Amino acid sequence: MENQRGTARSFQELLVWQKAHQLVLAVYWLTDTFPKHELFALTSQLRRAAVSVPANVAEGFRRRGLKDKIRFFNIAEGSLEEVQYYFILAKDLGYADTHLITE
């Protein structure tokens, strides 16, 4: 999905964004199976953290300055770590078998 020069023209062409978007879809499907009492707790937190990953990649992509780009990419990376913790928590609470995701 790269153009002739080998640089992405939009954030959707970035492999990291594509993978992050797939993660968001998987998180939504997974959290649909969580207990309803978790809707405003773990479900909401996990979804927000997951959505933050591709959203910050997209925002960072459009930023002009290198420091600005790096800041948004670092936020995305932090959100990804947050998602990983929520997967561990979901597994430990018995809501989903997420061990393959967190290894």
Side-chain angles (χ1 to χ4, degrees):
M1 295 182 93
E2 293 182 1
N3 68 18
Q4 297 289 329
R5 295 184 325 221
T7 58
R9 291 172 290 181
S10 74
F11 66 85
Q12 292 117 322
E13 293 179 7
L14 299 174
L15 182 59
V16 67
W17 180 87
Q18 294 168 18
K19 289 181 179 263
H21 179 67
Q22 290 303 310
L23 173 68
V24 172
L25 296 177
V27 163
Y28 268 76
W29 293 322
L30 177 71
T31 55
D32 273 346
T33 68
F34 285 7
K36 293 303 171 206
H37 69 269
E38 288 289 358
L39 185 60
F40 299 108
L42 183 56
T43 299
S44 177
Q45 288 294 108
L46 181 50
R47 287 178 175 185
R48 286 173 186 253
V51 167
S52 177
V53 178
N56 277 289
V57 169
E59 190 164 355
F61 175 82
R62 193 46 64 197
R63 296 296 172 147
R64 296 289 180 224
L66 182 59
K67 285 175 76 172
D68 233 8
K69 284 182 180 296
I70 290 171
R71 184 170 72 87
F72 282 96
F73 296 156
N74 282 336
I75 293 169
E77 195 172 29
S79 294
L80 189 57
E81 289 297 313
E82 187 178 355
V83 168
Q84 185 172 1
Y85 166 68
Y86 293 141
F87 282 158
I88 292 167
L89 181 58
K91 179 178 126 323
D92 289 349
L93 291 171
Y95 296 161
D97 184 9
T98 60
H99 78 278
L100 293 176
I101 299 169
T102 58
E103 290 181 347

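Model, not experiment: these values are computed from the prediction.
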**OP:** Starting at CG of L25, measure out to CG of L30 and round the result to the nearest 0.5 Å.
**Re:** 12.5 Å
**OP:** List in chain and number order the residues that pass side-chain contact (heavy atoms from CB on, under 4.5 Å) with A55, two or more places apart in sequence or in another chain; answer none if no residue qualifies.
**Re:** none
**OP:** Check V27 against A50 and note the closest heavy-atom contact, atom names and distance.
**Re:** CG2-CB, 3.8 Å
Subject >> Under the salt bridge (Lys or Arg N to Asp or Glu O under 4.0 Å) test, residues paired with D92 that sit two or more places apart >> reply: none
Subject >> Interatomic distance, Q45 atom CD to E82 atom CD [nearest 0.5 angstrom] >> reply: 6.5 Å
Subject >> Residues that E77 engages under side-chain hydrogen bond (donor to acceptor under 3.5 Å, both in side chains), provided they are two or more places apart >> reply: none
Subject >> Between Y85 and E81, a side-chain donor and acceptor under 3.5 Å >> reply: no
Subject >> ring-ring contact (aromatic ring centres under 6.0 Å, His included) contacts touching residues 58-82 (sequence neighbours left out) >> reply: none
Original post:
Which heavy atom of A76 sits nearest a heavy atom of V57, and at what distance?
Top reply: CB-CG2, 3.9 Å
**OP:** Quick one: list whatever passes side-chain contact (heavy atoms from CB on, under 4.5 Å) with S10, sequence neighbours left out.
**Re:** Q12, E13
Subject >> Shortest non-hydrogen separation from R64 to K69 and the atoms involved >> reply: O-CE, 4.3 Å
**OP:** Could you list all the side chain to side chain donor-acceptor pair (under 3.5 Å) pairs where at least one residue sits in residues 20-31, not counting sequence neighbours?
**Re:** T31-R47
Subject >> side-chain contact (heavy atoms from CB on, under 4.5 Å) against L93, all qualifying residues, sequence neighbours excluded >> reply: E38, L42, L89, Y95
Original post:
With sequence neighbours excluded, what pairs up with D68 under the side-chain hydrogen bond (donor to acceptor under 3.5 Å, both in side chains) test?
Top reply: R63
**OP:** Output all residues satisfying side-chain hydrogen bond (donor to acceptor under 3.5 Å, both in side chains) with S79, sequence neighbours left out; order by chain, then residue number.
**Re:** S52
